[in-house]
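What's counted below: heavy atoms across the whole structure, side chains too, no hydrogens, waters or symmetry copies. Quick caveat: nothing in here was measured; it's all calculated off a predicted structure. Numbers restart at 1 for each chain; the letters A, B, ... are given by sequence-line order, proteins then strands.
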Protein chains: 4
Amino acid sequence: MRPAPERRRELLDTAAEVFAAQGYDATTVRRIADAAGLLAGSLYHHFDSKESMLDEILSTFLDELLAGYDTVLAAGLGPRETIQALVTESFREIDRHRAAVAIFQKESRHLQDQPRFGYLADARHRFETAWLGTLERGVAAGDFRADLDVRLTYRFVRDTVWVAASWYRPGGQHSPEEIARQYLSMVLEGIASRTRT
Amino acid sequence: MRPAPERRRELLDTAAEVFAAQGYDATTVRRIADAAGLLAGSLYHHFDSKESMLDEILSTFLDELLAGYDTVLAAGLGPRETIQALVTESFREIDRHRAAVAIFQKESRHLQDQPRFGYLADARHRFETAWLGTLERGVAAGDFRADLDVRLTYRFVRDTVWVAASWYRPGGQHSPEEIARQYLSMVLEGIASRTRT
Amino acid sequence: MRPAPERRRELLDTAAEVFAAQGYDATTVRRIADAAGLLAGSLYHHFDSKESMLDEILSTFLDELLAGYDTVLAAGLGPRETIQALVTESFREIDRHRAAVAIFQKESRHLQDQPRFGYLADARHRFETAWLGTLERGVAAGDFRADLDVRLTYRFVRDTVWVAASWYRPGGQHSPEEIARQYLSMVLEGIASRTRT
Amino acid sequence: MRPAPERRRELLDTAAEVFAAQGYDATTVRRIADAAGLLAGSLYHHFDSKESMLDEILSTFLDELLAGYDTVLAAGLGPRETIQALVTESFREIDRHRAAVAIFQKESRHLQDQPRFGYLADARHRFETAWLGTLERGVAAGDFRADLDVRLTYRFVRDTVWVAASWYRPGGQHSPEEIARQYLSMVLEGIASRTRT
DNA sequence: AATGAATGAGAATTCATTCAT
DNA sequence: GATGAATGAATTCTCATTCAT
């Protein structure tokens, strides 16, 4: 079950799109097969099960994302620059794995209870370490406001980034970097005009 | 099928919790019935179908929410105060209809294609009008920064508010008003410390 | 379970109409209750079960019909007059028990295998004795053509009479006696014009 | 859902037999599947629904029957010969589609209200046109008795033909042509012996 | 007598999956 | 690699029936 890896990738991309659009449970194997141009039974030449497709989609994406976060964290930047880099990296991942991010966002909560998808909870912990740690470091260093509820801020930031996968369209008018810049400007400086303060 | 409205409400609340936790499609009628303490078939004494439960959950919530928004918009406040009121109202709704909000967040995208759930798309439009309009008014009035991409900002603000339903627990340590205040402080003033700027 | 016999009769008439229109299996108890203006559960104050309603409808009708046939047969008429009397009596029964006849026609074939409805098969035998015997007597007496396949003729006559229940409307433009006359004229003399022969 | 048309036909024949014997509503999909030697769910590989099986059984039969009638009517025969040909054609159809005819007879009345089965009412109209028209033509031409109630006669003739499907067994002792001959002799000339008249 | 909530058995249907070809 | 027929378990839903009020 390891032949022609491009075909696998193609099929997984198709499956990811359908999962993202309809939801994993609402997606039938037949629907994926239709979208991919073969019959439902034929998908089983490539994958063990519908669940293993989901598994491969999510784990491939998370591996890449966490590697990206590790690189950022290893760079030894200051808190503000780290946040900027994490946000930018996140929007880049959304750009490359939009469907996978959308699936992760929608399904990971209830999937992570199954042993097979235990790595989703692990990934969430690593996110938390990365973001929350940086925010705390920034407050300590005076980069971020001392009166922040760091945990609450972390949740707001984390969610807004991921939920963007539900409306982001690769190849649209905004590049991931531009979106990251806009978002960072809002989160870091606020939307209120300074002249008023 | 109109008597004992408290029983209906009870059952709908149970159903909403399960839908929010598992996802609509992944939820079996039997699971709802188990949680409510009756047999699956007995639910059909109260509701036509699983779908009509979902429908009633979502439409009840949206009716109330949109009424709340209308009240805010009719108050004739300035842009900044309107945003504050919308955010606060939203967190209050999350406090009262957490499950419904979570379901709306997760399922409305693919539901709104079905004629029965067309009102979900309508509601989204009315949200957009409310938020986007206020942001534009605020930029014009100099309340908000002129260099914002208003459309992008609208999405970020909207998503961050609603996505809070996925972690918020009514009766937890933060009241809705407190969360709204934190959130507004982040969005309006930014998280960066002013001394640095 | 014997109170107010008029109410019983009313309810049975309603049930018979619905059974005749929709078919016994396709008729729900709720449908009968709706038509009778009470709730499904309330029917069980009057009847043990849906099946016992059917039973009472059919057996009441058959008792009356067979009594009528017995009277005709006991009158000692000649074969031709007996056939005329049986046909007239049959159309009179259709006039009075249209729904029951229609149900009998549609459902008796598969009901008669159940012990409870064994009397349906008995009734069929008594019909056969009455009609077939009279036809045979008539052939022997020279009243009916000698070249008839009596068994085939019996079937044709029997079915045409009963199936009339599916289009007959009591109170319509033809009285049962008139229909009987027309039918007998066709069966006895034929539709071909005599001048041509 | 178009391959192996023989399998489809086989399954439809089985279904038709069961529908005819038990009635459509009283027939479970499982019963058909048992009779056909597969599992209930597997029928859905071939057909959308129980209803679509019924639909296909009835429409196939009616298409063939109406084509047969059209051929007869197009032949330009006299009224008496047309009636003879229609009756003979009908008994041939009963011979070939006994189950379908029995189902049509039992179920069409209440099915024709559903849009999907609207063609049943159409077919009934075309029957009426064919039979009633010929009878009227025959009365006008002096072939049939002038004192007939043509409409009533039409009903008797029509019903007697179709109801034969409830007792006819293909391959029994009477060929369809023989039954037609007996039936025509009864209807055209009557069963009364001429000597008596 | 009637209501309305509930039961429980079974109905049609769906769907992931298997497998001979 | 692909097909298409079949499986079997589960799912939504229906409905006759019961029963406390």
Side-chain angles (χ1 to χ4, degrees), chain A residues 1 3-4 7-8 11 24-33 36-54, chain B residues 1-4 7-8 10-11 25-33 36-53, chain C residues 1 3-4 7-8 11 24-33 36-54, chain D residues 1-4 7-8 10-11 25-33 36-53:
Chain A
M1 201 159 280
R7 185 77 172 119
R8 258 185 109 68
L11 293 171
Y24 173 72
D25 288 284
T27 298
T28 68
V29 170
R30 211 190 144 221
R31 188 101 180 45
I32 300 171
L38 39 63
L39 289 179
S42 307
L43 277 174
Y44 289 81
H45 283 286
H46 302 273
F47 305 98
D48 295 340
S49 64
K50 180 182 164 187
E51 198 180 75
S52 77
M53 289 187 237
L54 176 63
Chain B
M1 207 165 268
R2 267 292 106 75
R7 186 72 174 124
R8 259 182 107 71
E10 239 175 82
L11 294 171
D25 289 286
T27 298
T28 68
V29 169
R30 206 187 149 227
R31 190 121 183 20
I32 300 170
L38 39 62
L39 289 179
S42 305
L43 280 174
Y44 290 82
H45 190 62
H46 303 272
F47 306 99
D48 292 341
S49 63
K50 181 182 161 186
E51 198 181 77
S52 77
M53 290 188 233
Chain C
M1 201 159 281
R7 185 74 172 124
R8 253 185 113 67
L11 294 171
Y24 173 72
D25 288 285
T27 299
T28 67
V29 169
R30 211 190 143 221
R31 188 103 180 44
I32 300 170
L38 38 63
L39 288 181
S42 307
L43 277 175
Y44 289 82
H45 282 287
H46 302 272
F47 306 99
D48 295 340
S49 63
K50 180 182 164 186
E51 199 181 73
S52 77
M53 288 187 237
L54 177 63
Chain D
M1 206 164 270
R2 267 290 105 76
R7 187 73 174 124
R8 261 181 105 71
E10 241 175 80
L11 294 171
D25 289 286
T27 298
T28 68
V29 169
R30 204 184 151 229
R31 192 124 183 16
I32 300 171
L38 38 63
L39 289 178
S42 306
L43 280 173
Y44 291 81
H45 191 61
H46 302 273
F47 306 99
D48 291 342
S49 64
K50 180 182 161 187
E51 197 180 78
S52 77
M53 290 187 234

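Across all strands, A:Thr27 comes closer than 4.0 Å only to sugar-phosphate atoms, never to a base (heavy-atom distances). Using a 4.0 Å heavy-atom distance criterion, D:Leu39 is classed as a base contact. Contacts of A:Thr28 with the nucleic acid, taken as non-hydrogen atoms under 4.0 Å apart, involve only primed sugar atoms and P, OP1 or OP2.
With DNA chain E read from its 5' end, the first of the two nearest nucleotides for B:Gly37 and D:Ser49 is the one closest to B:Gly37. Nearer to the 5' terminus of DNA chain E, by closest-nucleotide assignment, is the contact made by C:Gly41 (compared with the other of C:Gly41 and B:Leu11).
Considering all non-hydrogen atoms of both residues, D:Ala36 and D:Arg7 come closest at O-NH2, 4.4 Å. The minimum heavy-atom distance linking C:Phe47 with C:Ser52 is given by the pair CB-OG, 3.9 Å.
Taking 4.0 angstrom as the limit, D:His46 places a side-chain polar atom (N or O) nearer than this to OP1 or OP2 of F:dA6. Contact check, D:Ser42 against F:dT7: a side-chain N or O comes under 4.0 Å of OP1 or OP2. Between B:Tyr44 and F:dC13 there is a side-chain polar atom (N or O) within less than 4.0 angstrom of OP1 or OP2. Between B:His45 and E:dA5 there is a side-chain N or O to OP1 or OP2 distance below 4.0 Å. In terms of phosphate contacts, D:Arg7 brings a side-chain nitrogen or oxygen within less than 4.0 Å of OP1 or OP2 of F:dA6.
The partner of E:dA1 is absent, by the rule that a Watson-Crick or G-U pair needs both atom distances under 3.5 Å. With both pairing distances under 3.5 Å, E:dA16 is matched to F:dT7 as a Watson-Crick or G-U wobble pair. Pair assignment for F:dT14: E:dA9, on the basis of Watson-Crick or G-U wobble contacts that are both within less than 3.5 Å.
Rounded to whole Å, the distance from CZ on C:Arg30 to P on F:dC15 is 9 Å. Atom NZ of A:Lys50 and atom P of E:dT14 are 15 Å apart (whole Å). Going from atom CG of C:Leu38 over to atom C1' of F:dA16 covers 15 Å, rounded to whole Å. A straight line from CD of B:Glu51 to C1' of F:dT11 spans 15 Å, rounded to a whole angstrom. Between the CZ atom of C:Phe47 and the C1' atom of F:dT18 there is a distance of 18 Å, given to the nearest Å. Rounded to an integer number of Å, the gap from CG of C:Leu43 to C1' of F:dC19 is 16 Å. For the pair D:Ile32 CD1 and F:dA6 P, the interatomic distance rounds to 15 Å; values are reported in whole Å. Rounded to an integer number of Å, the gap from CG of B:Asp25 to P of F:dA10 is 18 Å.
Of the options B:Asp48, B:Thr27, B:Leu43, B:Leu11, a side chain to side chain contact (heavy atoms under 4.5 Å, CB included) to B:Met53 is made by B:Leu43 and by none of the others.
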